[in-house]
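Structure first, then comments.
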Amino acid sequence: MTLTHKPVGPGSHVFLVDGSSFVFRAYFQSIRQDAKYNYRSDRLPTGAVRLFCTKLLQFVREGAAGRTPTHLAIIFDKSENSFRKEIYPDYKAHRSEPPEDLIPQFPLMRAAVRAFGLTPIEQDVYEADDLIATYATQARAKGADVLIVSADKDLMQLVDPGVTMYDPASGTAGTKGAREERLIDEAEVVDYFGVTPDKVVDVQALAGDSTDNVPGAKGVGVKTAAQLINEYGDLDTLLEKAPGIKQPKRREALTDPEAVKLIRLSKKLVELVRDAPVETKLDDLGLHQPDAKKLVAFLQAMEFTTITRRVGELYGVDIHEIEPDPDFVGPAGWRARNGEVDHAAAPKPVERKEPAAHKLVADGYAPSALAAARKAEALASKIDRSSYETVMSIERLDQWIADAFEAGLVALDTETTSLDPMSCELVGVSLALGPGRACYIPLGHREGGDGDLFGGADLVAGQIPLETAIRQLKPLFEDDAVLKIAQNMKYDLEVLSRYGIAVGPIEDTMLISYALDTGRNNHGLDELAKKHLDHENITFAQVAGTGRNFIGFARVALDKATEYAAEDADVSLRLWRALIPRLPAERKAAVYETLERPMVETLARMERRGITIDRHMLSRLSGEFAQEMVRLEADIFELAGESFNLGSPKQLGDILFGKMGLPGAKKTATGAWSTSASVLEDLAAEGNDFARRILDWRQLSKLKSTYADALPGFVNKETGRVHTCYSLAATTTGRLSSSEPNLQNIPVRNEAGRKIRKAFIASPGHVLISADYSQIELRLLAHIADIPQLKKAFADGIDIHAMTASEMFGVPVKDMPPEVRRRAKAINFGIIYGISAFGLANQLSIPREEASAYIKKYFERFPGIKDYMEATKKTVREKFCVTTIFGRSLHFPRMSSANPSDRAFYERAAINAPIQGAAADIIRRAMVRMDEALTDAGLHAQMLLQVHDELVFEAPEAEAEATIIVARRIMEQAPLPAVHMSVPLHVDARAAKNWDEAH
DNA sequence: CGTACTATT
DNA sequence: ATCCTAAATAGTACGT
């Protein structure tokens with residue numbers, strides 16, 4: 001046993017690592033990765049051990065949270081015979097068995113700890129948490145700093161000014177709700193438990209803990225418990241004074257002798273032992289250099305490659321000279337050491353054929369090896385902004401262009417006067433030909449100051465004339481033999497096309513990232529640079545200012561502008577090099593090349609075309625809405641007996657539930673009265689006119705401000721049309737999003753709203769054509785989950801909701817009451833969203849029990865749906881990822897959350913994602929093919945808008961019918977040849993003078 | 001700048 | 001036992 005005696009004292013950093021929580025985390029992370037990394041050649045599962053070792057090495061070498069340890073203990077739970085089981089046999093009774101593949105890895109983890117020259121700490125009777133508590137207490141007494149590495153909230157009771165918890169990152173940072181690594185100090189504890197660390201056990205005693213099966217008090221959760229403890233000071237006082245509590249249920253829960261016994265027992269269960277008789281002395285946890293040869297021998301035996309190499313480098317030993325540790329080689333070896341588990345049953349590593357490599361991947365490399373090599377390369381090279389050139393002469397420009405032709409690829413970035421590609425002016429262009437080899441060509445920079453009153457400021461002297469630069473760059477940017485790389489190429493494409501350059505062929509790093517990492521992180525350049533290159537970009541705000549200090553890019557000094565602009569091109573190029581090998585390695589090359597990259601040109605064309613709106617009609621509507629609002633407002637103030645700001649939910653809530661004392665009050669997340677439509681609808685349904693009028697006013701207010709008044713502001717001065725901006729990489733499912741303005745939420749559901757839609761019109765001599773997929777998500781569900789009745793109904797063209805109702809309620813489709821069909825329709829939609837009885841009950845305004853019965857019935861009639869849902873949940877739990885039938889992967893890193901309701905949320909999202917995502921894939925396929933199909937048919941129609949399952953075209957009146965035929969064919973055949981659906985797709989299409997009538 | 005609300009699929 | 005409760009977005013107004 002290797003122990004180093006190093007007295008703990010002031011200045012010592014004691015790391016106490018909760019080994020069990022690490023082991024599980026390592027395991028769940030490992031199963032997200034390709035199976036081939038998770039088994040040794042003899043099928044011994046080692047994936048979790050590998051990640052465990054990686055993390056351990058990191059702790060030993062670099063520490064965590066900015067500290068390096070002087071003392072380090074990896075502490076495990078030994079077995080089942082905790083003293084807590086003695087005093088409460090049901091303690092942790094609900095714990096399920098660890099995953100089969102993890103079991104043989106437990107002893108290997110301990111072996112790994114020893115290989116690192118440390119002693120795995122574990123003891124009978126006491127759990128890891130007790131040992132951590134004991135060491136932490138001892139270390140504090142000696143004046144040392146303690147860092148507890150764990151995600152377990154039970155340890156929060158130990159936090160004090162010298163004891164910090166550190167929760168290492170789980171999941172990928174960046175996306176909504178992802179758990180990032182974090183330090184937990186007293187403030188964090190107060191945040192979580194609502195009380196200071198010394199009161200945490202009292203709160204836990206009351207709230208109980210479902211995962212450990214600690215009973216707590218009935219009807220009391222963390223929130224209530226914290227409130228009680230804060231009110232009464234501590235648990236004893238609370239229980240003493242409980243008979244005086246007003247709420248009967250709560251009083252009962254805190255006074256009943258049996259209940260009180262359980263609460264006191266709960267406290268014993270959650271309170272950690274701080275004076276356990278530890279077998280290893282604190283002073284003996286001192287950290288020292290491991291025996292590198294022994295460590296390497298162990299890692300060799302595990303057949304790890306990367307970490308073995310790294311250890312060899314770090315400790316300066318030649319790994320090739322070291323034989324694998326015979327104790328751990330082969331089944332005989334590890335079985336003899338570790339007993340009994342039979343690993344013959346372990347699944348075989350998946351053997352897949354490598355797909356044809358991406359055309360840009362050099363021959364002779366296994367793509368995954370190249371991906372790893374590129375990643376290492378990306379992380380190794382530092383970015384040096386001082387090497388960037390500011391191109392001020394035509395000679396230098398021509399040299400860069402010649403070099404770009406030579407290189408065969410160039411990353412580019414355009415700098416402009418605004419973010420709107422349809423109205424901005426070009427300020428400069430940057431190019432990158434290799435890592436660190438980048439330049440900036442300023443073209444439209446202007447002198448500081450405000451310029452004279454009648455025109456802009458003068459151009460900065462010495463810049464190449466814009467027309468000259470465009471003329472020189474055009475052949476390069478249009479040359480088929482030179483690949484053009486950019487981050488968000490759609491923007492550059494649109495800007496440059498306004499200057500007469502049709503850029504191509506293209507690559508887009510934002511979209512490569514989206515194809516690889518949807519849901520794992522966002523895809524902005526700065527975030528990708530940080531993630532993949534470990535590099536902090538200069539931000540736009542840093543060079544151009546913000547708020548009233550904003551000067552616009554044209555006024556940025558040339559040296560600053562060069563650093564910023566050339567860096568963007570340089571970073572984009574480096575990202576491309578780092579990410580491109582991952583496409584074939586992770587089987588996403590086809591997704592990128594068929595569903596992402598071609599959309600850039602397609603959408604750029606649509607955005608440039610724009611759509612005409614009738615501003616006069618909107619202006620008239622605005623007036624009408626205003627008049628009606630004034631009338632409603634007068635009624636509302638009279639009923640309220642006072643005037644107030646109707647647009648303020650706060651003031652409205654006070655009137656409704658404070659002053660008027662109306663029933664049915666609900667609270668929002670922040671504890672304010674909710675005045676949401678569902679609350680007001682409930683009131684209105686009971687005949688409350690006040691609520692009805694507020695709802696009417698709200699609707700008009702929304703239509704007026706968001707649409708009637710705002711849309712005309714988006715009309716482009718030059719084109720006279722509205723040009724939305726589509727984002728290809730914004731959603732977690734593959735859908736597009738639309739902004740400035742959002743043309744994907746133009747009203748359609750009621751009469752007043754449809755008037756807005758009527759203002760979207762065709763230009764003279766043309767019509768608008770709207771073509772939308774009918775029930776595409778239900779059709780996809782029928783196909784994916786393989787539901788015979790649904791498939792047959794779609795094949796026969798039967799009303800799907802009526803069919804569902806008929807199956808469920810035994811009512812014939814003919815003469816079905818509308819209400820019955822409506823319920824079936826709600827259920828069908830609910831299914832797609834990951835139904836709950838609560839949600840369905842809400843939707844249909846029926847009791848939850850009834851909703852529950854419907855769902856049960858539905859699953860009985862369509863058992864395949866239940867199977868699909870369960871299978872999807874299983875997949876996302878194991879892989880943190882689901883995949884559409886077109887191969888698009890959607891990631892849910894936060895499925896690792898410790899919060900069960902969070903996980904339930906992500907499970908529902910995961911049920912919906914392959915359906916919504918496949919629908920998004922299908923319409924993308926149609927869009928990519930559409931322009932060429934229309935041209936081939938000799939038609940002049942143009943695609944203008946996409947609204948998830950709908951495409952809007954503008955076509956010459958005479959070509960309306962022919963256009964509809966082509967559009968329908970392309971849309972209905974879109975899945976082919978990649979996917980042969982077992983359900984037909986159906987597209988409805990219509991032509992009219994405005995969008996409302998075409999829809 | 002965060003919260004509440006509402007428009008669409 | 002408790003929490004939350006049907007998926008995905010973008011825009012506006014209020015109020016700190």
Side-chain angles (χ1 to χ4, degrees), chain A residues 94 206-211 213-225 253 262 266 645-653 668-680 694-695 698-699 701-707 709-711 724-725 727 730-750 753 756-757 772-773 776-777 826-843 848 851 855 890 899-917 919-920 923 946-950 999:
Chain A
H94 298 333
L206 286 169
D209 185 331
S210 59
T211 47
N213 205 29
V214 173
K218 202 178 165 186
V220 178
V222 169
K223 282 263 147 48
T224 314
L262 277 179
S266 297
N645 184 349
L646 248 179
S648 162
K650 186 169 175 286
Q651 294 183 31
L652 178 61
T668 66
T670 55
W673 303 115
S674 168
T675 65
S676 69
S678 72
V679 172
L680 297 180
I694 291 165
L695 283 165
R698 280 242 179 105
Q699 187 193 41
S701 166
K702 176 75 176 174
L703 294 175
K704 180 172 185 295
S705 64
T706 307
Y707 303 107
D709 293 343
L711 283 172
T724 185
C725 177
S727 175
T731 72
T732 51
T733 57
R735 274 189 177 182
L736 304 183
S737 75
S738 155
S739 61
E740 294 184 67
N742 181 355
L743 295 186
Q744 292 182 322
N745 69 348
I746 300 304
V748 71
R749 289 184 194 165
N750 60 63
I756 303 282
R757 203 168 265 242
D772 68 298
Y773 285 105
I776 189 166
E777 294 195 349
I827 295 169
N828 276 333
F829 274 100
I831 292 297
I832 292 171
Y833 296 145
I835 201 158
S836 78
F838 181 94
L840 183 64
N842 235 9
Q843 179 67 31
R848 199 189 316 181
I855 294 171
L890 309 165
N899 180 338
S901 69
D902 277 7
R903 287 199 303 273
F905 176 80
Y906 295 116
E907 282 175 1
R908 287 195 302 276
I911 289 170
N912 174 258
I915 302 170
Q916 195 183 106
I923 198 164
Q946 189 249 44
V947 193
H948 309 308
D949 67 358
E950 172 189 12
H999 186 75

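Computed from a prediction, not measured in an experiment: that's the story for all the values here. Order of the sequence lines sets the chain letters (A, B, ...), proteins ahead of strands, with each chain counted from 1.
The side chain of A:T706 has C:dT12 as its nearest neighbour among C:dC14, B:dA7, C:dT12. Between C:dA7, C:dT5, B:dC5, one nucleotide has an atom nearer to the side chain of A:R698 than all others, and that is B:dC5. Here the side chain of A:K702 is nearest to one of C:dC14, B:dT6, B:dC5, namely B:dT6. Listed nucleotides: C:dA6, C:dA7, B:dC5. Nearest to the side chain of A:R735: C:dA7. Candidate nucleotides C:dA8, C:dA1, C:dG15 were compared by shortest atom distance to the side chain of A:K650, and C:dG15 ranks first. Closest to the A:S705 side chain, of the nucleotides C:dG15, C:dA10, C:dA13, is C:dA13. With distances taken from any side-chain atom of A:S737 to the nucleotides C:dA8, B:dC5, C:dA10, the minimum falls on C:dA10. Set against C:dA8, B:dA4, B:dT6, the side chain of A:Q916 has C:dA8 as its closest nucleotide. Checked against C:dT9, B:dT6, C:dA7, the side chain of A:T732 finds its nearest nucleotide in C:dT9.
If you check every strand for non-hydrogen atoms under 4.0 Å, A:G216 touches nothing. A:R848 comes within 4.0 angstrom of a nucleotide base, judged by non-hydrogen atoms across all strands. Residue A:A677 is in sugar-phosphate contact alone, with no base atom involved, counting any heavy-atom pair closer than 4.0 Å across all strands shown. Among the heavy atoms of the strands lying under 4.0 Å from A:V748 are primed sugar atoms or P, OP1, OP2 only; no base atom is included. Among the atoms of the strands shown, none is found under 4.0 Å from any heavy atom of A:G208. Among the heavy atoms of the strands lying under 4.0 Å from A:E740 are primed sugar atoms or P, OP1, OP2 only; no base atom is included.
Take A:D209 and apply the side-chain hydrogen bond (donor to acceptor under 3.5 Å, both in side chains) test, not counting sequence neighbours, and it matches A:K153, A:T211. Considering only residues two or more places apart in sequence or on other chains, A:R757 meets the side-chain hydrogen bond (donor to acceptor under 3.5 Å, both in side chains) condition with none of them.
Between A:A225 and A:L206, the shortest heavy-atom distance links the atoms CB-CB, 3.8 Å.
A donor-acceptor contact under 3.5 Å links the side chain of A:Q843 to the base of C:dA6. Side-chain atoms of A:N742 and base atoms of C:dA10 include no donor and acceptor less than 3.5 Å apart.
Here the side chains of A:I694 and A:L646 are in contact, with some heavy-atom distance below 4.5 Å.
An aromatic stack links A:Y833 and the base of C:dA7, using centre distance under 5.5 Å and interplanar angle under 30°.
With DNA chain C read from its 5' end, the first of the two nearest nucleotides for A:S739 and A:A826 is the one closest to A:A826.
Side-chain contact check for A:R908 and A:S836: no donor-acceptor pair (N or O, by modelled atom type) lies under 3.5 Å.
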